[in-house]
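Here the structure is a predicted model, which is why all the values come from computation and not from measurement. First the proteins, then the strands, lettered A, B, ... as listed; each starts at 1.
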Amino acid sequence: MSVLKCVGLSRSFGALAAVSEVDLAVGAGARHALIGPNGAGKSTLFKLVTGTMKAHAGSVELAGRDVTGLSEAKRCRLGMSQTLQHASLFASMTAAETVALAAQRHGGGRISLVPRKQPAVAERAAELLADVGLDGREHVAVASLSHGERKQLEVALALACRPTVLLLDEPAAGMSPAERARLVELLAGLPAEITVLFVEHDLDLVFALADSVTVLHLGKVLLSGTPAEVRASDAVREAYLGAGRREELFLA
Amino acid sequence: MEHPSISRRRLLALFGAAASVPVLAACGSSVGGGGGGAPAGGGGGGAVKVGLVVPQSGVYAALGTDMQRGWELWLGQNGGKFGNYTVETVVADEGETPNTGQPAVQKVLQSDNVDVVVGLVNSATALGVANLLTESKKLLVVTNAGAGDVTGAKRTPYIWRTSFTNAQVSAAMGTHLAQSGFKDGVFALAPDYAAGTEVIAGFTKTFEAGGGKVVGTAKPAFGKTSDYQPFLTQIQQSGAKATFCFFSGSEAITFVRQYAQFGLASTIPLYGSGFLTEGNVLPQQGDAALGVQTTLHYSDQLDNPANKAFVESYTAKYGESPSCFSAQTYDAANVLNRALRTATALDGDSIAGALGGIGTVEDSPRGPWTFDGQTPKQNLYLRKVEKVNGTLVNAVVQDLGQQSQPL
Amino acid sequence: MTAIEAPTVPGGAPASAPRVTRARTGIIAVAVLVVLAAAPFMLAPFATTTLTRVLVFALFAVSLDLLVGVTGLPSLGHAAYLGAGAYAAGWVSINVTAEAPVPLLVGAGFGALAAALTGWVTVRSHGVFFLMLTLAIGETLQQLADTWETVTGGANGLTGIPAVRLAGTPLANAGFTYWYVLAVGVIGFALVVMVARSPFGAALRGIRDNEPRMRALGYSTARYKYAVIVMAGAVAGLAGALLVAQQRLVTPADMGFATASFALLAVIIGGAGSLWGACLGAALVIIIRDALGPSLDGHGTLVLGIVFVLVVYLLPRGAAGLRIYRRRR
Amino acid sequence: MLVSVLNGFSVGFLLFVLAVGLSIVFGMMDVLNLAHGALFLCGAYLGATFAGGWGGFLGALGLAAVFGLVGGGLLSLMTEPLRKRSHLDQALLTLGVALVAAEVLAIVFGDDPLSVAAPPGLNDSVQVFGVSYPTYRLVIIGVGAVLALAVYLVVERTRLGALVRATVADREMVSVLGVDNRLVKAAVFAIGSVLATTAGVLGGPIYGARPGLDATVLILALVVVVIGGLGSVRGALIGALIIGQVDIVGKYLLPDLSSFILFAALALVLVLRPQGLFGGPVGTAGAR
């Protein structure tokens, strides 16, 4: 049973049909990658799924429930969490405070109007920061974190929302090889019940992590299948050949 | 790394402290005794301290200047003494609204410890400071604020007035228009605020009592209207034979000029309360004001010996002829002088008592008048704007007789 | 009054300010409170009244800072809620009772009501567009006060408001009124500090820094903004009730554009987001306007304008109050 | 009734000349210029000082253009250091400048309200729809229409116009194309300010010149921009003409409610279309 299902999803900007009639189904626990040459509509599709952008047609289902009309906030509360391509965080806060802000929203308790220590929230924040490799940097102001560290913080932030579906928009963009390796390790280590859908350019990462792939081209789904099928498909090579370098696709 | 905001905050604290020192330095205690400080020296002789609270900034600044001149002229002519008290005047800026007016009155009462407060243009300030005066048992002589409540519904023994009430001025015009052929149709308009409503009510009451019919009314937004065409067109289409209106300051200028521009001046004569063409608005209105008739308790063209002397000495000293605001404050000094001749002490009750007994003020530039309910019962004059050797004046056409404050 | 606002980590590691700064702020706060409480003994009545006006304006500026500094919502119409509270407190004091808690509760209630009735228009907007909408709302409510003569007394204002009565005895002189305003003001200030340092306050700061990100974390930000607008309206209404207790008069000018812009100036001078900074800013504004103004023959606003321009330049981190002040490695 | 509709146009066009400068500067650089009203008042005082003959009137217009350019350039320069900071800082800066400008004008020109005579030949009235109507206001309709056309053509047809529209759409992209958008911003600020001071001179014979007029006019311009939508010339024009009609005809039909007509119209638009009739979702929850 697919935990995330898009049916006939489309969105256009004036004459340009950025995304047209995309069907997408992601099984529970899947590690699904969304790839395609530049301008294929990956980011637009991502925004339609997360609700940042309103779809012109089609529907999005989360665990069987139609969320097309719901706001980002409601979708998040229903278990869909996201990281943004350009890390966008809270300039006046520290790493710990940022994650705590998300954790307190999904800690089950009410957001209180009175100052009070929230030990459970604090613990969870520290634990998540350690998971993403930011232990020891809890009290650093976000402004003085490195780019890689900010991307790691984004992941911790998304996980703090106790997601069932985790949506990552180019999580590895701008990361150093070491940070990239750590990210792969982290995503691979995620509990099985969390489904991951991620948009990514770095095909090494895609084929290292994904157990299913959808290739987008000019706003349409070119092919959905296992990494092997995608690597073998001429149509995909055609799409990339026209757009990218040959040797990148044929990695050993 | 020293964070910039810390140094900025230290700078801020320093600046704040430096600014506050001069203000709060005045020592003394504000916990002892009820209300303001103890009354200053009493009995005959000695000095009387007067707080002259008039606008020195904002829209009413010109009125404030006229008032201060009227006050200083009277003191100059009478050796600066009330009875045998030498007068010490402390001037404070009333500003435009009670936000500045009330603190000014508080300052003269509480920190300058004056015996009498004189002045106030804004009615809201006059009404707003009533409790200050009653609690400190000090006298206030209002030299302009025309709200009826000051000496009517909200009268207090400590507030007397030497100016007018809004309704008093317009009531005289109501009677006059009813008797002079405009019975079957007058259009009445005034800005949408307290004074405007009072003026129209005063006018309508006496106009309808005289058998007149108001064929239309309008309430332009106060302080925000600069285009009166919609109301002027309404006047033309209401079939009114004459228009009665009340505007002051920049609105009086704009209304009278547009009244002429839209051609109503030649077809429907314009009548108004005196402030429509009083003081510095008249020269700005120019020829558009010619022929406009208003009622007011004063005009610098009044033909009586007291006014002749007053206008002559005022123009000689200040190069401008006096307005009703100057005359009202000139009279305030006059009545205080009469009161302090007989008052036993300088506290509010004794001066108020003495004021009640001064009888007719026969040497006033506006003509003889008496206090009736702590505000003047005085002659209202019909005035018409004419050009006398090049300058526009409010020529006196007719004396409409004595009029007290309509309650 | 001057507990330095150090936002506690919402349940995160122990408060960011190390133990010693927390004690230091405690001492400063107590010291200032003692000095303020003793003021009437040392000051002449007029100076005490000026200080009372400073306290009223400070509470109003703090309520505005909850919007501008903590939530990043710059309002130029907040004086409308001060006015709503003042008129309500004044009306109830004249027609019902002037007994202590009643005018305060009615004032805060009507401030909140006015904010609730008008706030929903602005929650969809943010930044400078929010500024414009609140300016329009402020002007509309002031016009209402100017013309609804039967209740508000119109342009003449609501006058003859009886002095506040505490357990039956009216507060007659400047000293008692001052203490009353100080006491209620401190409570109001503490309430705002409490909200600012609560988990709810942390969410507000998140909205200030990055509202879209907060939506992505599951916060329906419009509802939070609406809630904080109503809360700030209530505290502004409370300040309105104190205004009535102090000057026993309310006029449309009290809720006009000038009051709203001076309050915004006070918040910006104090460093938006630092609640006690807003109090210092308020003191500066009132002293320049009321005490030094007359000596500049009524052109106090010129000095305020210049200070405003300087402060906007001097601010290291902008009026949105992005406070990055932890000096960590 | 017809004369009210006609007068509605004259007020509408004057409002357009006043509001379009505010709308473009705000639409383009997201700088809400709260000193716009002070620029108008400066123009009005120039008109008042030089009122009298045609020489005076044209001289005032010339001076207004100079003051507008200087004022606009100065404001653009002053907001430059704040470029990296939030738009709120720039709006607050202009609020400070507005306070200072209003006081300086009060010190220089005094507190008395001044009336401004229309230039000779336009100072009388003419019969329109059987009622006499001041000729000056007819001229205002003409001048306003010409200015509207001119601004529309400059923005829609010229290279500078294209640059302005491009910067409104995406300022970073324009700077990538090698255009120093500081110059474009200064140019637009200057044009907006010249429009404001010119509107002041043109409005003189109708509105006169008095302290406090800057706040009244700023509110009017904001209402036009909010209703007409931000950053669009078409929005400012339609918004201004609508406000002109609503304000004038409204006061003619409901004279006793005239204080509320303008605000009622504003509230209606805010409820139905928060981003204004023609504005894109600039300020509201739209993607920025």
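Within the structure, salt bridge (Lys or Arg N to Asp or Glu O under 4.0 Å) pairs that include any residue of residues 170-179 of chain C do not occur (at least two apart or interchain). Applying the salt bridge (Lys or Arg N to Asp or Glu O under 4.0 Å) test to pairs two or more places apart or on separate chains, none has a residue in residues 55-68 of chain B. Sorted by first then second residue, the salt bridge (Lys or Arg N to Asp or Glu O under 4.0 Å) pairs that include residues 100-110 of chain B, not counting sequence neighbours, are Lys107(B)-Asp112(B).
Contacts between Thr156(B) and chain C at a heavy-atom distance below 4.5 Å are absent for every atom of the residue. Proximity to chain C (any heavy atom under 4.5 Å) is shown, for Glu94(B), by neither the backbone nor the side chain. Both the backbone and the side chain of Gln247(C) come within contact range of chain B, with heavy atoms under 4.5 Å apart. Residue Thr97(B) touches chain C through its side chain alone, counting heavy-atom pairs closer than 4.5 Å.
Counting heavy atoms from C-beta outward, Lys154(B) and Asn156(C) have side chains that stay 4.5 Å or more apart.
Interface check for chain C: of the options Ala126(B), Ala104(B), Ala124(B), the most heavy-atom pairs under 4.5 Å are formed by Ala124(B).
For the atom pair CD1 of Ile161(C) and CG of Asn131(B), the computed distance is 8.5 Å after rounding to the nearest 0.5 Å. Once rounded to the nearest 0.5 Å, the distance linking CD of Gln102(B) with OG1 of Thr159(C) reads 11.0 Å. With rounding to the nearest 0.5 angstrom, the CD atom of Gln106(B) is 6.0 Å from the CD atom of Gln246(C). For the atom pair Asp192(B) CG and Gln143(C) CD, the distance stands at 7.0 Å (nearest 0.5 Å).
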### Query
Do Thr147(C) and Lys219(B) pass the side-chain contact (heavy atoms from CB on, under 4.5 Å) test, and can you show the C-alpha distance, the side-chain angles, and the key distance before you say yes or no?
CA-CA 10 Å; Thr147(C) 36; Lys219(B) 297 169 108 184; over 6 Å; no
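When every heavy atom of Ala194(B) is checked against every heavy atom of Ala155(C), the shortest pair comes out as N-CB, 4.1 Å. Nearest approach of Phe46(C) to Pro103(B), heavy atoms of both residues: CE1-O, 3.4 Å.
Using non-hydrogen atoms only and a strict 4.5 Å limit, the part of residues 248-258 of chain C facing chain B consists of Arg248(C), Leu249(C), Thr251(C), Ala253(C), Asp254(C).
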